[in-house]
Amino acid sequence: MNDSEDPNAEVQYHLEVGPEDVANAVLLPGNPERLDKITPLWDGHEERAYHREYRTATGTYDGTPISVTSTGIGSPSAAIAVEELARVGVDTFIRVGSCGAIQPEMDVGDLVITSGAVRQEGTSKEYVREDYPAVADHEVVSALVAAAERLGYDYHVGLTMSADSFYAGQGRPGHEGFRAAGSEELVEELQNANVKNIEMEAAALMTIANIYGLRAGAVCSVYANRVTGEFRTEGESRAAEVASLAVHLLAKMDQTKEEAGVDHWHPGLSLD
């Protein structure tokens, strides 16, 4: 096996990045084109790699080093990104995406900050038993909430369901009206369990990050409300701005922890 085929080589097989190409914290949108909406929010940036669905850029936000890597659609490709970024030294991951809201009070354009996820995708099941929880890192959740508050954006915090299918797996009809077993009751069951939204990557991201002792979270823009039937591609830049500011706040948290001699940030420590 030559180096280009070795998944443990310094330059990663799929992402084509090495340790010098990325910051410690990386934003993870799905669509490679979303980088063109994220990086203009930063002080400056440089594109480092673009291979398949994986496009990576690195720069700074308010002086804090930050990177972004697109993952494509779904948990299998997102897991590859997390694996390879972790191998080159990344320790913090924030998914920046879009979602469908399933609670009636949530408006299109609102943000959803994931505290934990229902593992309906299959990727995480290949890592660990099915009753292992997919939980966001509390520091990442705190930083995302603080960022949304500082920027004045409407947001919700709660549970996300991650599916492997955009259609049948999310309770939508397939080709010629095909309905998967249980799909007609899916959204109502999730609503009753106080799940906030549906998307396709968060559960695998958070499961894998927890297994490896890394920080992960997610912030998604509501594109559709499955209860009201409203749909608009709105709020994408707000999610990117909140995630970018959260990386800056996490860096301040880490500095504060070091100065205080503690391992975990808590509300008694200031972010000012």
Side-chain angles (χ1 to χ4, degrees), residues 27-31 34 37-38 71 73-75 78 93-121 124 133-136 140-149 151-174 179-180 182-207 216-246:
L27 308 188
L28 299 175
N31 188 350
R34 199 166 285 162
K37 297 184 178 180
I38 293 173
T71 66
I73 297 176
S75 292
F93 302 85
I94 301 179
R95 166 160 157 67
V96 182
S98 58
C99 67
I102 59 173
Q103 298 296 339
E105 73 276 8
M106 301 170 70
D107 295 326
V108 170
D110 285 359
L111 302 178
V112 182
I113 297 169
T114 298
S115 58
V118 179
R119 294 170 52 203
Q120 192 164 305
E121 42 68 48
S124 66
V135 182
V140 175
V141 173
S142 296
L144 288 168
V145 169
E149 288 283 353
L151 294 168
Y153 295 148
D154 292 330
Y155 69 94
H156 310 264
V157 180
L159 298 176
T160 292
M161 188 273 270
S162 298
D164 270 340
S165 163
F166 182 81
Y167 293 100
Q170 297 187 32
R172 295 185 175 97
R179 285 282 189 177
S183 65
E184 295 186 44
E185 299 81 28
L186 175 64
V187 171
E188 183 177 358
E189 289 179 2
L190 292 169
Q191 286 173 334
N192 292 338
N194 199 28
V195 174
K196 301 295 186 186
N197 63 323
I198 300 175
E199 52 81 79
M200 299 181 67
E201 292 86 16
L205 164 63
M206 293 184 296
T207 300
V219 56
C220 291
S221 306
V222 174
Y223 275 12
N225 186 301
R226 300 288 298 277
V227 181
T228 65
E230 188 179 9
F231 176 85
R232 293 193 310 276
T233 55
E234 186 175 318
E236 187 176 53
S237 62
R238 290 195 286 273
E241 190 176 5
V242 165
S244 297
L245 177 54

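Everything numeric in this text was worked out from a predicted model, so none of it was measured.
Annotation: side chain of H156 is not in contact with side chain of I113 (no heavy-atom distance under 4.5 Å). The shortest distance between side-chain heavy atoms of Y155 and E149 falls below 4.5 Å. Inter-residue side-chain proximity for L151 and L245 is flagged as met; some heavy-atom pair is nearer than 4.5 Å. Using a 4.5 Å heavy-atom threshold, the side chains of T114 and M206 count as touching. Taking the side chain as every heavy atom from C-beta outward, S237 and K37 never approach each other to under 4.5 Å. Side-chain contact between V145 and V157 is present, with heavy atoms from C-beta onward closer than 4.5 Å. Residues I94 and L144 have side chains in contact (heavy-atom distance under 4.5 Å, counting atoms from C-beta outward). Here the side chains of L28 and L205 are in contact, with some heavy-atom distance below 4.5 Å.
The CD atom of E184 lies 15.0 Å from the CZ atom of R172; values are rounded to the nearest 0.5 Å. With rounding to the nearest 0.5 angstrom, the CD atom of Q170 is 5.5 Å from the CD1 atom of I198. Between atom OH of residue Y153 and atom CG of residue L111 there is a gap of 8.5 Å, rounded to the nearest 0.5 Å. Taking OG of S221 as the reference point, atom CG of N197 lies at 11.0 Å (rounded to 0.5 Å). In this structure, CG on N225 lies 8.5 Å from CD on E105, to the nearest 0.5 angstrom. Rounded to the nearest 0.5 Å, atoms CZ (R95) and OG1 (T71) are 6.5 Å apart.
For the residue pair P29 and R34, the shortest heavy atom distance occurs at CB-CD, 3.7 Å. Residues I73 and E201 approach most closely at C-OE2, 3.6 Å, considering heavy atoms. A pairwise comparison of heavy atoms in S244 and I38 identifies OG-CG2, 4.4 Å as the closest pair. Between C220 and C99, the closest heavy-atom pair is CB-SG, 3.7 Å. The minimum heavy-atom distance linking A101 with V222 is given by the pair CB-CG1, 3.7 Å. Among all heavy-atom pairs drawn from G169 and S165, the shortest one is N-OG, 3.1 Å.
Panel note: side chain S183, backbone A180; a donor-acceptor pair is recorded below 3.5 Å. Checked by atom type and distance alone, the side chain of Q103 never pairs as donor or acceptor with a backbone atom of K196 at under 3.5 Å. A distance-only check finds a donor-acceptor pair linking the side chain of R238 to the backbone of G109 [under 3.5 Å]. Side-chain atoms of R179 come within 3.5 Å of backbone atoms of G171 as a donor-acceptor pair (strictly under, hydrogens ignored).
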Pair M200, D164 - check side chain to side chain contact (heavy atoms under 4.5 Å, CB included), show working. CA-CA 6 Å; M200 299 181 67; D164 270 340; 5.6 Å; no
E188 vs Q191, test: side chain to side chain contact (heavy atoms under 4.5 Å, CB included). Steps then yes/no. CA-CA 5 Å; E188 183 177 358; Q191 286 173 334; 4.2 Å; yes
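Side-chain contact annotation: E199 with S162, donor-acceptor N/O pair under 3.5 Å present.
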